[in-house]
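Have a look at the structure below before the remarks.
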Amino acid sequence: MPKFTVCVLLYGDFPHLAERCLKPLLPLVDHGLIDLRVGCNQISPATERYLTLSLIGRVDRIAVVRSEENILKYPMMRRLFGLEGPLPRVELTSWIMWFDDDSYINDPDPARWLDRVEEKMQGADMIGSLYRIGLTHNQRKWITAQPWYTGKPVPNVATFATGGWWVLPAPIVYQYNWPVPELKHRGGDVMLGQLCLQNGLRLVKFNEGVAINADAEGRESKSPRRGHDEDPIGVRYDPK
């Protein structure tokens with residue numbers, strides 16, 4: 001049984017990003033090191049062609065969820081996690097690894113890199129590239145209204161693992177029903193950091209061997225924003 005379930009979100013007409021993201025993962029599938037789930041939000045024929053080629057000989061080892069419309073990031077994430085059909089829930093013995101399509105493994109030996117990720121997870125509940133951002137408007141009120149809020153003070157500045165790539169144990173997803181249904185496209189990474197803070201989960205920095213939200217040169221967090229945009233979750237929260 002693979003220790004990692006890797007979930008990848010593809011979007012739109014960006015076949016070069018799909019290839020850059022998926023290509024290092026396919027040998028890990030072939031060697032039985034990961035289960036792979038791919039969510040497709042309104043992908044183009046060119047992206048579909050690359051995905052179809054990737055599935056050759058691997059149809060029974062790669063699960064694909066397609067939507068002709070862009071249902072946005074977090075609704076697709078819920079489908080990939082099995083929180084809302086069609087896929088079953090991830091095995092509770094697994095770690096879940098998430099990739100946006102502009103993130104990818106850039107270590108020349110993906111299997112060795114995966115071993116390093118496993119080693120890092122021994123001392124963490126979630127790993128990723130850590131950032132800090134100020135909470136604004138009603139986001140702090142939204143946090144205190146969540147079922148995972150435990151009464152700890154909500155900081156003005158939140159620490160979080162950026163949402164383009166991260167790893168956490170599968171049981172956390174199901175214990176906290178994450179991502180929550182009202183979460184659509186922005187702010188989920190920040191609020192997952194707050195969930196960790198409230199519940200004493202260890203959030204640890206790790207971004208070695210992986211390019212996250214990367215531009216054409218592989219620079220982290222330099223990929224241009226594409227497609228849908230909206231206020232982060234909680235900004236417009238109304239307690240009434």
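Proximity of the aromatic rings of F4 and W95 is defined here by a centroid distance below 6.0 angstrom, and this criterion is met.
Here the closest non-hydrogen pair linking W178 and G188 is CZ2-O, 3.3 Å. In this structure, L130 and V204 approach most closely via the heavy-atom pair CD1-C, 4.1 Å. The minimum heavy-atom distance between W142 and M191, with the atom names listed, is CZ3-CG, 3.5 Å.
Among S103, P224, S129, the single residue meeting the side chain to side chain contact (heavy atoms under 4.5 Å, CB included) criterion with N213 is S103.
No side-chain donor from either of Y11 and T47 sits under 3.5 Å from a side-chain acceptor of the other. At a cut-off of 3.5 Å, with distance as the only test, a side-chain donor of N199 or Y176 sits close to an acceptor on the other residue. When only modelled atom types and interatomic distance are considered, H137 and Q139 share no side-chain donor-acceptor pair under 3.5 Å. A donor-acceptor contact closer than 3.5 angstrom is absent between the side chains of N41 and R66.
Looking only at side-chain heavy atoms (C-beta outward), R236 and N138 stay at 4.5 Å or farther from each other.
Remark: the backbone N or O of V64 is not paired with any side-chain donor or acceptor of R37 at under 3.5 angstrom.
The hydrophobic clustering, which links ILVMFWY residues whose side-chain heavy atoms are closer than 4.5 Å, places Y74 and I133 together.
The cationic atom of R89 (NZ for Lys, CZ for Arg) does not lie both less than 6.0 Å from the six-membered ring centre of F81 and within 45° of the ring axis.
The existence of a salt bridge linking D101 and R20 is excluded, since no basic side-chain nitrogen approaches an acidic carboxylate oxygen closer than 4.0 Å.
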Worked verdict on R61 versus D35 for salt bridge (charged side-chain N to carboxylate O under 4.0 Å, His left out) | CA-CA 7 Å; R61 287 173 285 172; D35 286 327; over 6 Å; no
Given side-chain contact (heavy atoms from CB on, under 4.5 Å), test D125 with L203 step by step and report yes or no.
-> CA-CA 6 Å; D125 296 298; L203 182 58; over 6 Å; no
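Shown here is K23, whose NZ atom has no more than 12 heavy atoms of other residues, nucleotides or ligands within 6.0 Å.
Relative orientation of the W165 and W113 rings is tilted, given thresholds of 30° and 60° on the angle between their planes.
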